[in-house]
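Encoded as structure tokens, the structure appears first; notes follow it.
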Number of protein chains: 2
Amino acid sequence: MTIQEATPWTMPRDATKLMDVALGNAPADLAVINATLLNVYTGELLKNQSISVVDKWIAYVGEGAQDAIGTKTMVIDADGKTVIPGLIDGHTHLGWMCPIDQYLRYIIPGGTTTIVTETLELYPVGGLDAVQEFLASLKEQPIKFLATAPAMASISRKAGHMPLQDLKHLLSFGNVVGLGETYWQSVLQQPDILLPRFAETLKSGKILEGHSAGASEKKLNAYIAPGITSCHEPITADEVMQRLRLGIHVMAREGSIRRDLKEIAKISKTGVDLRRLILVTDGIHPEDLLEKGYMEYVVQKAIEYGFDPVAAVQMATLNVAEHFDLDHWVGGIAPGRFADMLVIPDISSIRPLTVISNGQVVFDNDALSVPPRPYPFSDESRHSVHLSTQFESFHFTLETVSQSTQVSVRAIELVTDLVTKEIHLTLPAIDGNITSDIGRDLLKVAAIDRRHNQGKTFVGLVKGFGLKSGAFASSAAWDTSDIIVIGTNDHDMAVAVNRIHALQGGYVLCDNGQVVNEVPMPVWGLISDLSIQELVAQLASLKLALAGRGVMFPDPLLTIITLTGAAIPFFRICEEGYVDLKSGDTLGLYI
Amino acid sequence: MTIQEATPWTMPRDATKLMDVALGNAPADLAVINATLLNVYTGELLKNQSISVVDKWIAYVGEGAQDAIGTKTMVIDADGKTVIPGLIDGHTHLGWMCPIDQYLRYIIPGGTTTIVTETLELYPVGGLDAVQEFLASLKEQPIKFLATAPAMASISRKAGHMPLQDLKHLLSFGNVVGLGETYWQSVLQQPDILLPRFAETLKSGKILEGHSAGASEKKLNAYIAPGITSCHEPITADEVMQRLRLGIHVMAREGSIRRDLKEIAKISKTGVDLRRLILVTDGIHPEDLLEKGYMEYVVQKAIEYGFDPVAAVQMATLNVAEHFDLDHWVGGIAPGRFADMLVIPDISSIRPLTVISNGQVVFDNDALSVPPRPYPFSDESRHSVHLSTQFESFHFTLETVSQSTQVSVRAIELVTDLVTKEIHLTLPAIDGNITSDIGRDLLKVAAIDRRHNQGKTFVGLVKGFGLKSGAFASSAAWDTSDIIVIGTNDHDMAVAVNRIHALQGGYVLCDNGQVVNEVPMPVWGLISDLSIQELVAQLASLKLALAGRGVMFPDPLLTIITLTGAAIPFFRICEEGYVDLKSGDTLGLYI
């Protein structure tokens, strides 16, 4: 029985066995002895502690485990070292880029033993089937996974449609802890769509994860009042404080999308109660995982930025467990908890020497000792890019409606690599057409639905991407089932989209009618088949090729896939048109 | 919809209404303005705060509630005063002595707005019906009640029998949060009986309340490992620390049974994390409630004994809510929570000026503004004392088995008013009988089953009660369905028991063949029909009469009813015989 098969609350521990080992009447399977133990419940570092483990569980913690050490008990002498609970990532996105076994090769050595992941990447591209396959891939792994159901706040009305029945089905899963991040604007703009999903989640006794980036005070109150219990979006200590005061758990991010911890760490000087502050990655890119690590890196950074090391570990263990009401099961080293523990050099050096998960040594002597399980994705998952037609240049033509030689249009301006705004331009119509203008860095951008209205396309304009020749396309596009393509010319745009179709997903860079670089992601058009090292190499090569063509953003892949994102201000695109996130309105090219 | 009808997690808030009021687009029903607010989440005292309430709920907390103040909004100006969350008692026993409406007349003015009560008094005397009637009496009151199902660890095998079906039924109730206190000795001695009850509770997603008085380190680990999540029994700071370190929530008592807070408060000097420390009453006697108050008294005492006032309030609000996973609903002043708030003079003076519960002002200007609801107990509840016979002197005769003039017997010695031990005595047999010996303070004590084996009686001996003449009987006897009677002579014992039968419950003192004092408790033989003031007067009169007959214990009523208690060491009595709590063995009079 694992945490995946039943709700975390309802797993049967073998209570008799645990009691026997605690009393010293039966031998432990594993004993950690002579440790300095971080007790996250009291915040103490206690010397000379030992821990008896039987099966997946901790049976005993104290100074006298020796009675339970039998001839077959595996003994780990932690003399001179420190033992802390396995780390928990309470908010991340592992449903894209790599299959889970590839991620785990680099996550486990860092000592993360429980992960709560979003599933919102999967639903738009493959519905319930895709989410269920992803959830299945999380099972029977060396560490524990929990997930949130997708809230499906999308700028695309089509993609945002999720039957309540699908949500109910996912909420019936024991490893689904609640409804994933719901962008606050969507809740205030579309209460009729989202509040019934909230009610359904609360009815099932599960929680509502939040996303309140930039919400002003009253809007923040209004967003929280229906029952939102977390936010991982604050980027300053003041925003953290504002949210803590309103009774929600606040997640401080240090991951690939954002690195907010340095700013947020200023809160450590205020002396406020930090029990509701949590460290998370909010997603990690394969290259960052290989280079920096996972939650152990985040905790180390928290210490570096000024948090007390004990508080920093609590923020990645007990605090997270309490947020998800999982503290009877994980987040601390105490009887009846899963035996998830890390042997580290000392409390300020978070890199584990030994990782114990579910009572098993899963990492030791610089090597994984339990291999992650590869998941055999289905044929269906490998056929998720559906286009009704071969794309040709004319699909990207922008004919002007009137006979005028000047047209007024809307365009997306990239204010930063992620933040956008609406701009209005007056452009010349050449032979009744609008074209990309490399000189002004004004390129065509198209969103093409690859699932619902297969091939449905909206073509708009984007300013500031930097591409000087060719076209760049992605089958991943946040919150939607769209392919996004940005191009300096219509022909390369068509070639890139057709190549994505042929690959059934991936990133493709074309130039002069040829594919010059590509990263296939054939599973749901989101996930690569490569080893994580190979994937990192290919992504680096692609970024280099983009940089060579003028794209100077730190991560242009992230820039392109977030063009459809409902969560990042202010002006987005999907197959239905542009979308103004402030008003929620869908808008056309021409003013 | 109240907290009683659905699980606390699943109550529908009117989210649209809350959002409208939060945004200032609709008027609040109630607004508290200009307050100094104790934010229990951050531990801050914040100035100039206002709170908008709609229906039962808090919609907004911050500095700008004025937009939501309409012509019909009730405004409470808390200028110069402090607002704290309604207090929560996480462990108490309200199923005896008074009906709930009588208790509430004195509980509500003190600002307790949520109570979690045990139900273990009811089950032995009336089974599921009695528990359900008690739960029904808690509904539709001005404050919220939650309850635990009785674990029914009893020294009487008959009374300890609870079909799993009964437990399942109770766990299906939305206002039942888990399994009530299970005495640790019972779990270690009778795992086959209690572990299935644990498993059933965990399966329903609910929690296991503990009771680990005096458990040594390994036994404590063994007791906690199956999933116990609290203990309200530690009496020193060291015992608290030991339990906090093992990951359970610890409840510090300051009630009528024990007052442990002064000793426990030494922990406030250690600097350890107190998030898992909770203040409780563990039951209050009517006289203490009238004289001292309820949770407001406990919090005030905590401050007096050295806890920081902010921490003391957290210990009676947020910490309790977090233990029961109710923190999305109660325990703090934040959007989406029940509007349960107290206006107090300042943070170190916990006596409320105004009490708001479920959005209603329930106490103000020294008066209750919403009357508690009296509950019409059933006829069945008023006929719970079943004896097969009129009792006569001979029922209490102790004939010696052998012809010897000396017999070796076991007796209960009252080491304190509550703690007992087994003693062995050699007594003279007079005409083949053993009699009470007032000179040695060795009296007969009998336990008579009034429900299962109706009239089944065990007669033993008790040393140290102090009664010099007559007999004293009680229809309340912890964890059993017994009447307990202690007497200096057999005739008065019979008269007292028969009077209890006639009254259908209560305390009765007889002397010289006459009833000299009595307190009727006709509901399940546990609960009085009197007003709480009248009851207090009658109890005082009874204690005076007992003191006049030599019983010098502070509360002889508590002494007699705990003689059957499975939770207090070491030697007890029930209708089946003496019981040695250390071994769990049932023993006879003769050695």
Given the options [options], which has more heavy-atom pairs under 4.5 Å with chain A than any of the others?
options                       : value
B:A334, B:A15, B:G247         : B:G247
B:A225, B:G331, B:A22, B:S216 : B:A225
B:N221, B:D273, B:V61         : B:N221
B:E63, B:K218, B:R275, B:K219 : B:R275

So, taking the atom named [atom1] in [X] and the one named [atom2] in [Y], what distance separates them when rounded to the nearest 0.5 Å?
X      : Y      : atom1 : atom2 : value
A:Y41  : B:H249 : OH    : NE2   : 10.0 Å
A:H328 : B:L202 : NE2   : CG    : 9.5 Å
B:L18  : A:I224 : CG    : CD1   : 12.5 Å
A:Y223 : B:L23  : OH    : CG    : 13.5 Å
A:N39  : B:L246 : CG    : CG    : 8.0 Å

Do you know which of A:I333, A:V21, A:D67 has the most heavy-atom pairs under 4.5 Å to chain B?
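Most heavy-atom pairs within the cutoff with chain B belong to A:D67.
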Per-residue tally against chain B (heavy atom, under 4.5 Å) across A:L37, A:L220, A:T42 peaks at A:T42
Below 4.5 Å from any heavy atom of chain A, which atoms of [X] appear? Answer side chain, backbone, both or neither.
X      : result
B:Q242 : neither
B:A59  : backbone
B:L188 : both
B:T16  : both
B:R276 : side chain
B:V187 : both

Tightest non-hydrogen contact, residues A:P226 and B:R13, listed as O-NH1, 3.3 Å
